[in-house]
Amino acid sequence: MNTPKRYLITAALPYANGLKHIGHLAGAYLPADIYVRYLKAQQRDVVFVCGSDEHGTAIPIQATKEGTTAQAIIDKYHPIIEQNFKDLGIAFDIYHRTSDPLHHETASAFFKNLEAKGDLETKTSEQYFDEAANTFLADRYIKGTCPSCGHKEAYGDQCEKCGKTLSPEELINPVSTLSGQAPIKKETTHWYLPLNRHEDFLREWILKEHANDWRPAVVGQCKSWIDGGLQPRAVTRDLDWGIKVPVKGSEGKVLYVWFDAPIGYISATKQWALNNNKDWSPYWNDKDTKLVHFIGKDNIVFHCIIFPVMLKLNGHILPENVPANEFMNLEGDKMSTSRGWSIEMDDYINKWIKKENGGDGLADSLRFYLTSIAPESKDSEFTWKGFQESVNGELVSIFANFVNRTWVLMHKLCNGKVPPFHTELIAAEAVSDNATDSFKGMIDAVKESKERITHLLEQYKFREAQFELIDLARKGNQYMQKQEPWIVAKTLDQNPDAQKIIDNTMHCCLQLCANLAILAQPFIPFTAKKMCYMMKVVDKMLEWENAGKFDLLKVGYTLRAPELLFRKIENEEIEAELAQLQANVAAKKTTMENTTATTEPTKDNSLKPEIVFDDFGKIDLRVGTIIEAKKVEKADKLLELLVDLGFEQRTILSGIAMHFKPEEIVGKQVTIVANLAPRKMRGIESKGMILMAEDAAGKLYFVQPSEAIAAGSTIA
RNA sequence: GGCGAGGUAGCUCAGUUGGUUAGAGCACAGGAUUCAUAACCCUGAGGUCCCGGGUUCAAAUCCCGGUCUCGCUACCA
């Protein structure tokens, strides 16, 4: 494998609309940081870029909701997120932001170039327009009833209740959030990126060239998209928050956020180059640059399909790998900031690192645990209990304990100095298959560990690489246990020569500690630094090429007193966190309820338009009884019901299969819209609609008369 | 339903192109030890490799069918 001339490493740009949780950290930023630290320890030329993604419709919407401006929101979260990363040791070379003029310039130029070369298409279509506000409405500015779950406040791009992806056309009774009026349809022209033109290239590049060196899930996901047929994708939107489309006659249009955000990697690189008096261009244009994107699996399509097409069209290099992680769950459930079921980086920092008994070490504790459960091949699960066990059982008991006992013994038996080592004893060592039996064996063990860790890091297998690190510390414990210098010390009275044995043992353990510091540095950088302090060496010792050497600490050198590298995690702390988690969920729930209760006006606003009695009179509501129910084949959510209306029995389809089993609803009385036009679904005709009520938790209830009455009874 | 990824010890995961008796860590049991943050070290027990077929001298591994989990997608009048 040829070593590239330089590396450009990116981590997904966090959306600057709120705090980021440890799932994000584990998914992209931590693995990227480990990889970068490793490369830098190798003295490679590497730039690590990231920054805030500050465009997109969600931000101005949130601003309106909170009675502030979009600018204020990003100005609030950008510095917090940046500082959070710093506190956790994520060492970006630059943390930029997409609201920066340099980025606007870069993205505009990018767009203009593609436009000029004819790589984009324009299409005119009808979109919702708010006459009162005199503006086209981006998806997020349209609210309406979700066709999927009936939620009344679904947005034009997604229903936040059921998570379904929507387009504005699908909303029932769409309303503009700006004026509260129903929007009209009006023609508008937009630019599209014709992905369909690049299908062959993507197929060749991903499915052939990278079939084996990319993670299976990444290739699989891409295959799924490509096989599904790629469509032209809109590059612009009617919105005023973002980067103006740099073409005449496109007032009121901005670049779609997914188009401008990844270009943020490029502008961040430019800014870094400006700050450091370097040239940015080779990092994006020279074939000798290795580009790697670290992301979570939700970002695969952007980084493997769309952005590469953009890069290729604009003459840039392509990513060499996109090691996307799966998701990290929390205590048995998906992480979700809005539900309160998550651990924000900010919370962890305040509660653990910034406390009196906290400190950098606890940043490393979290880094260590997250890496040990990194969702590299499948979703994984964060539990506080697991955090405690991992930290106490491995970091403290194996790694830190080895360093500590080495230091204590060195002070007790070797006057706090690096003891000399006596070659004649080493030459006389018995040959053994077990590395931990001898000094020579330990030297080999360190070299092998280094090789394995290097190899694993190159393959983005961080979890396994970190395991090798702990395993090496474990070998140190085994070696020391076999040598038992504390026992040998008791024989010094009769045999002063025994000091030589002790010297060699401690010399070996100390050199091993130095090696551990080097190999640990990418994973637990704060700890590596602390070890350097104890060893009284400069950070330069941590360079990767020094790993495997056994003369890192000079003989006769006085070392500092031992210092505990980590503290244990106590049961009470874990229990407190678990209780906090429950409290967060409860708090979020009441906030949500309160918000709905206190924002009466907006709620009124989102009521359907007023109707007159005659309108209501058009609806024929009847009481019916379910007499048969079965699942519709090839549909997850549909139940086929046979309903008795007294005068007739008819088939009605209802999307409730996720909530009820067919057998448990037979015999139930339900309310039917009896005169609704029939509609075919999955090949079966549905003649009517069942009314359902839904509570805040999304649970469904049948709307039925308080007592059983005759089927077919009218409702008015 | 379609597509993608996964299912290996109580838990978290390894298992390279098929090849002795399927591995590791944690947890558990027993032992040893005291330099060390009651830490370390040794030994042990623990598996129908999701199920069923097939190919092969040989299958955790390859093929077919089924099943469960996660993601994307379709279905929700």
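For the numbers below, each heavy atom of this structure counts, side chains included, while hydrogens, waters and symmetry mates do not.
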Reckon [X] touches a base, only the sugar-phosphate, or nothing at all at heavy-atom distances under 4.0 Å?
X: A:I470; result: nothing
X: A:V396; result: base
X: A:K378; result: sugar-phosphate
X: A:F566; result: base
X: A:G386; result: nothing
X: A:R215; result: nothing
X: A:N401; result: base
X: A:S654; result: sugar-phosphate

Where is the tightest heavy-atom contact between A:L457 and A:I34, given as atom of each residue plus distance?
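Taking every non-hydrogen atom into account, CD2-CG2, 3.9 Å.
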Between A:S377 and B:A14, does any side-chain N or O lie under 4.0 Å from OP1 or OP2?
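Answer is yes, contact under 4.0 Å.
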Report yes if a side-chain nitrogen or oxygen of A:R405 is closer than 4.0 Å to either non-bridging phosphate oxygen (OP1 or OP2) of B:U37; otherwise report no.
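Answer no for this pair, as no side-chain N or O of A:R405 is under 4.0 Å from OP1 or OP2.
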Distance check needed: [N] [atom2] versus [X] [atom1], whole Å only.
X: A:K475; N: B:C42; atom1: NZ; atom2: C1'; value: 17 Å
X: A:L565; N: B:A39; atom1: CG; atom2: C1'; value: 14 Å
X: A:E484; N: B:A39; atom1: CD; atom2: P; value: 21 Å
X: A:L409; N: B:U33; atom1: CG; atom2: P; value: 18 Å
X: A:D298; N: B:C70; atom1: CG; atom2: P; value: 17 Å
X: A:Q459; N: B:U16; atom1: CD; atom2: P; value: 13 Å

Both A:N477 and A:S686 contact RNA chain B. Which one's nearest nucleotide lies toward the 5' end?
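Counting from the 5' end, the first nearest nucleotide belongs to A:N477.
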With nearest nucleotides of RNA chain B determined for A:K461 and A:E394 from heavy-atom distances, which residue corresponds to the more 5′ nucleotide?
A:K461
On a whole-Å scale, what distance lies between the C1' atoms belonging to B:C3 and B:C62?
22 Å
Out of B:C35, B:C70, B:A14, which has the shortest distance to the side chain of A:K297?
B:C70
Do A:F368 and A:F399 have their ring centres less than 6.0 Å from each other?
no
